[in-house]
Amino acid sequence: MIDLNDLLEQVWPIAAQQATPTEYVSLNIALNRVLAQDILSSLNVPQHDNSGMDGYAVRRADIQPSSCYQVSQRVPAGASPQPLQPGTVARIFTGAPIPPGADSVVMQEDVVVNDEASVTFNATPRLGQWVRRTGEDIATGQVVLAKGTRLDAIHVGLLASIGVSTVLVSKRLKVGVMVTGSELQSPGQVLQPGQIYNSNEYVWCGLLESMNVEVRSVGIVPDNLEATCTAFQSLADCDAVISSGGVSVGEEDHVKPAIEKVGQLRSWKVAMKPGKPIAFGHINRQGGGQSWFFGLPGNPVSSAVAFQLIVKPFLGLLEGQTREKVDWRSRTRKVQAEFAWPTPDSRREEFLRADVQSDKAKLFENQSSGVLTSLARSTGLIRLAKGQRVNPGDWVDYVAYQDLMR
């Protein structure tokens, strides 16, 4: 069996070396796309000194407590103020430009309003108080977002704030999905004796769509060699193809011989639990080129864990994300076990489904690779080395699902 770290170091560089096609898209459809270039700001944010509060813009040296000051102008957001007249103050609102000559803002709660034309201050303000300086958020020429960033809603808003309307991004990946097994039935259909519902397809499609990947699913493929070969060939124009089940060496496992007929296969037994049988290779395209292939276990937990730890980062690298962005190992942290694990697997590292609150980890009671509720009712994975025993109070490695989905 190959160690998981060794597998990742063999597979991920293949994706990182691929040339990623790019395209310009409008900002309003850029969510979850991967930037193909650094974004530099063409302006300062804020573009001018402005008020961080509703209140009064003042020249600090003029202000004496208990003295009365004339309000010489009113400055709403979007206005172009006049220079502040000596000995006066300006009524100002949040985001409005600071009048030339003013250097501080006193929020309205600290001001006594005598009438519309005059106010009294309770104390001398601090120099620069409640003033947001030009460029303090973003400076002209600054790299705002780096190449390889997957754009979330905040990123898109940030680009809008510097006037960007279109961005160069990697083209959307096209990923083929198929699940193998004559025992599988689609949800909504009546189960026959010996059948189970197909869940892997729905997990994968949901995870892929959250990456803004174009998904092409051929659904359930029965356990025979001809049908498996036909399904693979129908997906050969995809950037990558994922299948579940059929990757072992049983009489009804047809993925290995099918891939060897339509492409090339590297098959591993990975020293991880869940997720031992993993296949990687490619499918040949009729016009030349290849589609990358991952064959994952049929058990739903094994399949989902292997997808998030191995396949999703690979797809991110294909899209042009950086290794730093996709490598979940850098986002593991220590949490304290509130459980015992006295009989570890001596040959495989283990990923235990756990609920972690305030750095305290509780295990889901059933760690079977077929129990999908262990993923639904946990917050992440405890990573244990081969043979690692755990006693209550021990500190163990943990990666949260939200960190796996970056």
Side-chain angles (χ1 to χ4, degrees), residues 1 4 179-181 183-187 191-207 220 242 244-248 250 253 269-278 295-312 328 331-405:
M1 287 191 291
L4 176 59
V179 291
T180 67
E183 78 280 9
L184 296 175
Q185 182 59 277
S186 297
L191 287 180
Q192 301 301 317
Q195 289 187 326
I196 59 173
Y197 285 121
N198 163 29
S199 62
N200 286 341
E201 178 185 0
Y202 293 87
V203 173
W204 292 349
C205 289
L207 292 170
I220 300 169
I242 308 168
S244 73
V247 292
S248 192
D253 294 319
K269 290 182 179 179
V270 186
M272 62 181 285
K273 181 180 180 181
K276 178 181 174 182
I278 304 288
L296 303 183
N299 280 327
V301 175
S302 300
S303 171
V305 169
F307 179 90
Q308 298 212 56
L309 299 185
I310 302 169
V311 181
K312 182 182 177 296
W328 52 267
R331 297 190 286 274
T332 59
R333 59 187 176 89
K334 294 290 185 181
V335 297
Q336 193 169 28
E338 292 189 334
F339 62 89
W341 196 252
T343 55
D345 193 312
S346 61
R347 300 172 60 236
R348 295 184 288 174
E349 63 177 299
E350 299 179 88
F351 290 87
L352 309 179
R353 281 75 72 199
D355 179 41
V356 173
Q357 306 294 333
S358 302
D359 287 339
K360 304 290 186 181
K362 295 181 179 179
L363 285 191
F364 186 80
E365 58 185 12
N366 190 337
Q367 292 289 318
S368 167
S369 61
V371 178
L372 199 53
T373 49
S374 67
L375 292 176
R377 298 175 185 172
S378 56
T379 59
L381 301 171
I382 300 292
R383 187 183 190 186
L384 300 182
K386 299 175 186 177
Q388 181 179 350
R389 291 181 172 83
V390 179
N391 295 310
D394 289 350
W395 290 87
V396 292
D397 289 331
Y398 168 77
V399 59
Y401 295 139
Q402 63 183 16
D403 288 327
L404 291 174
M405 287 309 300

Minimum heavy-atom distance between [X] and [Y], given as atom pair plus value:
{"X": "Pro297", "Y": "Ser303", "result": "O-CB, 3.3 Å"}
{"X": "Ser369", "Y": "Asn299", "result": "OG-ND2, 3.1 Å"}
{"X": "Ser368", "Y": "Asn366", "result": "N-OD1, 3.0 Å"}
{"X": "Pro187", "Y": "Tyr202", "result": "CD-OH, 3.5 Å"}
{"X": "Leu184", "Y": "Asn198", "result": "CD2-CA, 4.3 Å"}
{"X": "Ala361", "Y": "Phe339", "result": "O-CD2, 3.5 Å"}

Quick check: do [X] and [Y] have side-chain heavy atoms less than 4.5 Å from each other?
{"X": "Pro344", "Y": "Arg389", "result": "yes"}
{"X": "Leu191", "Y": "Ile196", "result": "no"}
{"X": "Lys312", "Y": "Leu404", "result": "no"}
{"X": "Met272", "Y": "Leu309", "result": "yes"}
{"X": "Leu372", "Y": "Ser199", "result": "yes"}
{"X": "Leu4", "Y": "Ile310", "result": "yes"}
{"X": "Trp328", "Y": "Asp403", "result": "no"}
{"X": "Phe307", "Y": "Ile242", "result": "yes"}

To the nearest 0.5 Å, what is the distance between [atom1] on [X] and [atom2] on [Y]?
{"X": "Lys269", "Y": "Ile278", "atom1": "NZ", "atom2": "CD1", "answer": "13.0 Å"}
{"X": "Lys276", "Y": "Ser302", "atom1": "NZ", "atom2": "OG", "answer": "11.0 Å"}
{"X": "Leu381", "Y": "Leu375", "atom1": "CG", "atom2": "CG", "answer": "7.0 Å"}
{"X": "Lys273", "Y": "Glu349", "atom1": "NZ", "atom2": "CD", "answer": "13.0 Å"}
{"X": "Gln336", "Y": "Tyr398", "atom1": "CD", "atom2": "OH", "answer": "15.0 Å"}
{"X": "Leu352", "Y": "Leu384", "atom1": "CG", "atom2": "CG", "answer": "4.5 Å"}

Worksheet item: More than 12 foreign heavy atoms under 6.0 Å from CD of Gln195: is that the case here?
Response: yes
Item to complete: Count the heavy atoms of every other residue, nucleotide or ligand shown that sit under 6.0 Å from CZ of Arg347, and state whether that count exceeds 12.
Response: no
Worksheet item: Taking 4.0 angstrom as the limit, do Arg333 and Asp359 come out as a salt bridge?
Response: yes
Practice prompt. Indicate yes or no: does Asp397 engage Lys334 in a salt bridge with an N to O separation below 4.0 Å.
Written response: yes
Fill in: Side-chain donor-acceptor contact under 3.5 Å, Ser378 with Arg353
no
Worksheet item: So, Glu350 and Trp341: side-chain donor and acceptor under 3.5 Å apart, yes or no?
Response: yes
Worksheet item: Is the backbone of Ala354 close enough, under 3.5 Å, to the side chain of Thr379 for a donor and an acceptor to pair up by distance?
Response: yes
